[in-house]
Each structure stands twice: as structure tokens, then as C-alpha cells.
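Since we're looking at a predicted model, the values are computed, not measured. Positions are given from 1, in the same order as the sequence printed here.
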Amino acid sequence: MIIDCHGHYTTAPKALEAWRNRQIAGLTDPAQQPKVAELDISDDELRESIAANQLKKMQERGSDLTIFSPRASFMAHHVGNFETSATWAAICNELCYRVSQLFPDNFIGAAMLPQSPGVDPKTCIPELERCVKEYGFVGINLNPDPSGGHWTSPPLSDRHWYPIYEKMVEFDIPAMVHVSTSCNACFHTTGAHYLNADTTAFMQFLTSDLFKDFPELKFVIPHGGGAVPYHWGRFRGLAQELKKPLLKEHLLNNIFFDTCVYHQPGIDLLTKVIPVDNILFASEMIGAVRGIDPETDFYYDDTRRYIDASANLSPEDRHKVYEGNARRVYPRLDAALKRKGL
């Protein structure tokens with residue numbers, strides 16, 4: 001089985017964006033604030049949005065199951081207040097749940113949290129619990145910077161985040177560290193802010209002893225880990241100077257990297273530097289990079305091609321990357337598959 005651990009609902013029907021635009025307009029003009037019931041998206045519309053897009057590409061590229069969460073750039077936690085985010089997260093998570101019910105063999109959910117700058121993360125717990133208990137979601141996306149590029153929140157190692165971590169351990173779910181839209185002109189959203197956040201999160205973990213408090217906590221750092229694999233020697237050296245254990249002992253029981261790296265040399269570096277047990281297949285297709293690479297004539301985000309072509313991976317290694325590691329890092333996914341006899 002080929003499991004893609006990083007998928008977003010980037011092709012949701014246009015009615016969702018129209019409703020969101022009204023919600024944002026309502027922040028300054030309450031007369032424009034829409035009711036949740038005014039968003040009417042049929043099952044047929046959901047089927048069409050998936051079958052012609054994500055599912056079609058999964059079938060063309062040979063992947064079986066996608067861990068599916070709301071569109072990352074649409075999370076926009078910096079917009080409005082907690083109530084704004086709570087309503088928006090509930091809507092987006094429900095749509096992903098409906099997709100998972102319409103295509104149960106191909107999609108399973110991961111939750112967007114209703115984060116808001118300056119608001120206690122424990123306010124996210126009701127939505128997290130609902131998604132796990134009622135929707136059967138297998139993970140969450142955690143935004144380390146709800147301010148949208150201004151970094152006003154404490155580092156992920158701070159006790160500020162512990163209410164979320166306690167629930168993650170209780171439910172045995174990992175978090176993908178994933179920021180949203182940048183509203184800081186210095187940082188392009190997908191080209192800078194996303195990769196900055198991946199690298200920053202890793203360094204926050206490195207400088208802390210978070211995993212002494214939460215030895216079972218698991219994080220997936222997306223987009224190949226940002227700059228981390230490319231600068232592995234720097235991070236090893238910094239850990240040494242900080243009198244931390246070797247990175248394998250200090251972090252690699254808890255931190256994993258996906259394969260959203262969109263060229264062969266990048267995947268070759270990732271699979272050479274990072275232990276295979278810490279790499280999970282992912283494509284984030286129909287996401288940040290949607291075009292065709294003129295050097296190969298294949299889509300940049302067709303990441304299976306790079307895994308298949310990597311000389312660094314044995315057949316056993318590929319099995320870990322494609323399936324085994326995801327089932328280990330996402331125990332609720334493994335349990336759901338076993339219930340199906342898979």
C-alpha cells in the first residue's frame with residue numbers, strides 16, 4: 001500500500017471560498033456575516049471535486065490512500081478571532097470528513113485546529129476531540145505561527161503548547177507542523193514561510209528537552225524538513241555544542257520528515273542523510289507546486305517517481321517509506337486499516 005501522509009483539500013467547491021470571503025467581510029460589516037447553514041455543498045459536488053483532481057492523480061501515479069486535511073493556506077489563523085477560526089475550522093474539517101466517507105478507501109482525515117494569535121491552545125481541544133472521536137481522524141495540523149509570519153507565539157517547546165500535546169498523547173495521534181498564509185511581505189507563503197517554519201520547528205525541538213516530558217509525542221515536519229536535511233551537519237554540531245545527545249537519540253524517536261521535495265537530487269539527499277525509519281511518503285499534490293518540470297516532462301509533485309528512482313533505498317526501505325512508517329507514526333490509521341483487513 002502506498003500511503004500519502006500529506007494531502008490538502010485544495011480543490012473544494014468554490015462555494016467554500018465564497019462563504020469564507022463573506023465571513024471575512026463580516027468582521028468589519030456584521031451585516032455580511034454568513035450563517036453556517038448558508039453554506040450548501042452537495043455530495044455530488046464533493047465527489048466531482050475529488051474524482052477529477054486528487055483521486056484521478058492518485059490513480060495515475062499509483063498511490064492508494066491520502067491523509068487529507070483542509071487547505072493549509074486557507075487556515076489563515078491570523079484572520080479574525082478565535083470564534084472566526086472555530087467556525088471556519090469546523091466547516092473545513094467536516095468537508096474533509098465527508099470526503100473520507102464518500103471515498104473511504106482513498107482518504108482519511110487529519111484536523112485543522114481553530115488556532116488564533118494570543119489565544120490559549122487549550123481552546124482547540126473540543127475541535128480536536130470531535131475530529132478524532134466523531135470523524136475518525138488520525139492526526140492534526142499544528143501551526144507554530146498563528147500570526148501569519150510575525151511569530152508572536154512561544155516556541156513549540158514552551159509549556160504554552162502542552163494542552164495540545166497532552167491530547168496528542170492521549171489519542172495517540174501525531175501532528176504535522178504546518179503554517180498557513182503569510183501576511184508578512186518579507187515571507188512568500190509557500191516558498192519561504194512554509195520552509196522557514198519547518199526549519200524553525202526542528203531547531204525549537206533541538207534546543208529543548210520537550211521529548212523528556214512527552215516521550216511518546218510525534219511530529220511530522222513536512223516539505224522534506226525545510227533546510228534540515230541539507231544542513232544536517234550544522235544541526236548535529238549545534239546539538240553537540242548545546243550538550244544535547246546525538247540527534248538520533250535526542251529527536252529521531254519523535255520527529256519524522258515527509259517527501260514533499262520536488263526533484264530527484266532533493267529526494268536523493270533526503271534519503272541519504274535521514275534514516276529511512278524517519279521518512280514518510282507524501283506529495284501534497286495539487287498544492288504549492290502544480291506545474292510540469294520541463295527537465296523531466298513530469299509533474300514536480302509526482303514524488304513517487306523520485307522514491308522509486310532513488311538508489312539509496314532497498315525494496316525493504318521503500319516499503320517503510322510508502323507504508324510501514326506511516327502505519328507506525330499514525331497508529332489510528334494503522335488500526336483503521338486493520339479493521340478493513342489491510
Side-chain angles (χ1 to χ4, degrees), residues 1-7 54-68 103-108 110 138-139 172 174 176 198 218-226 228-230 232 246-249 251-287 289 292-293 295-342:
M1 177 176 288
I2 295 181
I3 300 169
D4 186 337
C5 77
H6 190 170
Q54 282 88 351
L55 186 59
K56 180 181 178 182
K57 283 185 164 48
M58 288 170 65
Q59 292 168 339
E60 290 172 351
R61 299 175 186 183
S63 63
D64 300 302
L65 176 68
T66 296
I67 299 176
F68 205 53
F103 300 95
D105 294 332
N106 305 109
F107 297 92
I108 195 165
V138 299
D172 206 5
M176 179 171 282
D198 303 334
K218 293 182 176 66
F219 292 96
V220 177
I221 300 183
H223 319 114
V228 173
Y230 187 65
W232 196 241
L246 296 174
L247 289 184
K248 185 173 183 179
E249 303 165 14
L251 299 180
L252 293 187
N253 291 321
N254 307 88
I255 292 179
F256 305 85
F257 303 86
D258 79 8
T259 63
C260 290
V261 180
Y262 295 146
H263 65 150
Q264 189 68 52
I267 288 292
D268 291 342
L269 184 146
L270 175 70
T271 54
K272 184 175 183 179
V273 172
I274 301 300
V276 69
D277 287 345
N278 293 81
I279 301 173
L280 277 66
F281 176 70
S283 67
E284 198 180 5
M285 64 181 177
I286 317 184
V289 182
I292 293 175
D293 185 344
E295 295 181 4
T296 66
D297 292 328
F298 295 111
Y299 284 94
Y300 286 100
D301 62 8
D302 186 359
T303 53
R304 182 179 173 184
R305 292 182 178 275
Y306 312 137
I307 303 301
D308 285 346
S310 177
N312 300 324
L313 299 172
S314 68
E316 294 78 11
D317 292 337
R318 288 189 181 85
H319 172 75
K320 288 183 177 181
V321 171
Y322 283 139
E323 177 181 0
N325 293 342
R327 295 181 77 135
R328 178 166 52 87
V329 175
Y330 291 82
R332 286 181 174 266
L333 169 63
D334 184 53
L337 292 173
K338 286 177 177 174
R339 286 194 293 271
K340 295 181 177 183
L342 299 173

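Proximity of L270 to T259: side-chain heavy atoms (C-beta onward) are separated by under 4.5 Å at one or more points. S314 has its side chain out of reach of H319: every pair of non-hydrogen atoms, C-beta onward, lies at least 4.5 Å apart. In this structure, the side chains of V261 and Y306 stay at 4.5 Å or more apart for every pair of heavy atoms. Proximity of D198 to P222: side-chain heavy atoms (C-beta onward) are separated by under 4.5 Å at one or more points. In this structure, the side chains of D293 and F298 stay at 4.5 Å or more apart for every pair of heavy atoms. With a 4.5 Å cut-off on side-chain heavy atoms, V220 and V329 count as touching.
Between atom CE of residue M176 and atom SG of residue C5 there is a gap of 4.0 Å, rounded to the nearest 0.5 Å. Residue M58 holds its CE atom at 4.0 Å from OG of S63, rounded to the nearest 0.5 Å. K56 contributes atom NZ, which lies 12.0 Å from atom CE of M285 (distance to the nearest 0.5 angstrom). Summarising the geometry, atom CD1 belonging to I221 is positioned 13.5 Å from atom SG belonging to C260; distances are rounded to the nearest 0.5 Å.
Considering all non-hydrogen atoms of both residues, I3 and A326 come closest at CG2-CB, 4.0 Å. Closest non-hydrogen pair, A309 versus Q264, comes out as CB-OE1, 3.5 Å. Heavy atoms only, all atoms of each residue included: D268 and T271 are closest at O-OG1, 3.2 Å.
Partners of Q59 under the side chain to side chain contact (heavy atoms under 4.5 Å, CB included) rule, at least two apart in sequence or in another chain, are L55. Listed by chain and number, the residues in a side-chain hydrogen bond (donor to acceptor under 3.5 Å, both in side chains) with K57 amount to none (sequence neighbours excluded). Considering only residues two or more places apart in sequence or on other chains, Y330 meets the ring pair (Phe, Tyr, Trp, His ring centres under 6.0 Å) condition with none of them. Take F281 and apply the ring pair (Phe, Tyr, Trp, His ring centres under 6.0 Å) test, not counting sequence neighbours, and it matches Y322. The side chain to side chain contact (heavy atoms under 4.5 Å, CB included) test applied to F68 returns Y9, I50, Q54, T66, C96, V99, F107, not counting sequence neighbours. For E295, the side-chain hydrogen bond (donor to acceptor under 3.5 Å, both in side chains) criterion is met by no residue, not counting sequence neighbours. In this structure S283 satisfies the side-chain hydrogen bond (donor to acceptor under 3.5 Å, both in side chains) test together with D4, sequence neighbours excluded. Applying the side-chain hydrogen bond (donor to acceptor under 3.5 Å, both in side chains) rule to D64 yields no partners; only residues at least two apart in sequence or on another chain are considered.
Judged by distance alone, with hydrogens and angles left aside, the side-chain atoms of R318 form a donor-acceptor pair with the main-chain N or O of I307 at under 3.5 Å. Under the 3.5 Å distance criterion, the side-chain polar atoms of T303 are matched with a main-chain donor or acceptor of A282.
Pairs passing the salt bridge (Lys or Arg N to Asp or Glu O under 4.0 Å) check and including a residue from residues 252-264, sequence neighbours excluded, do not occur. Applying the salt bridge (Lys or Arg N to Asp or Glu O under 4.0 Å) test to every pair with at least one member in residues 297-307, sequence neighbours left out, gives these pairs: R61-D301, D302-R305, R304-D308.
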Please list every donor-acceptor pair under 3.5 Å in which a side-chain atom of residues 272-279 meets a protein atom from a residue at least two apart or in another chain.
unit_1, atom_1, unit_2, atom_2, d
D277, OD1, K320, NZ, 2.9
N278, ND2, L252, O, 2.7
N278, ND2, I255, O, 2.8

Only pairs under 3.5 Å count here: list side-chain donor-acceptor contacts from residues 333-342, not counting sequence neighbours, and write none if there are none.
unit_1, atom_1, unit_2, atom_2, d
D334, OD1, R327, NE, 2.6
D334, OD1, R327, NH2, 3.1
D334, OD2, K338, NZ, 3.0
K340, NZ, P104, O, 2.6

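At most 12 non-hydrogen atoms from other residues, nucleotides or ligands lie less than 6.0 angstrom from OH of Y299.
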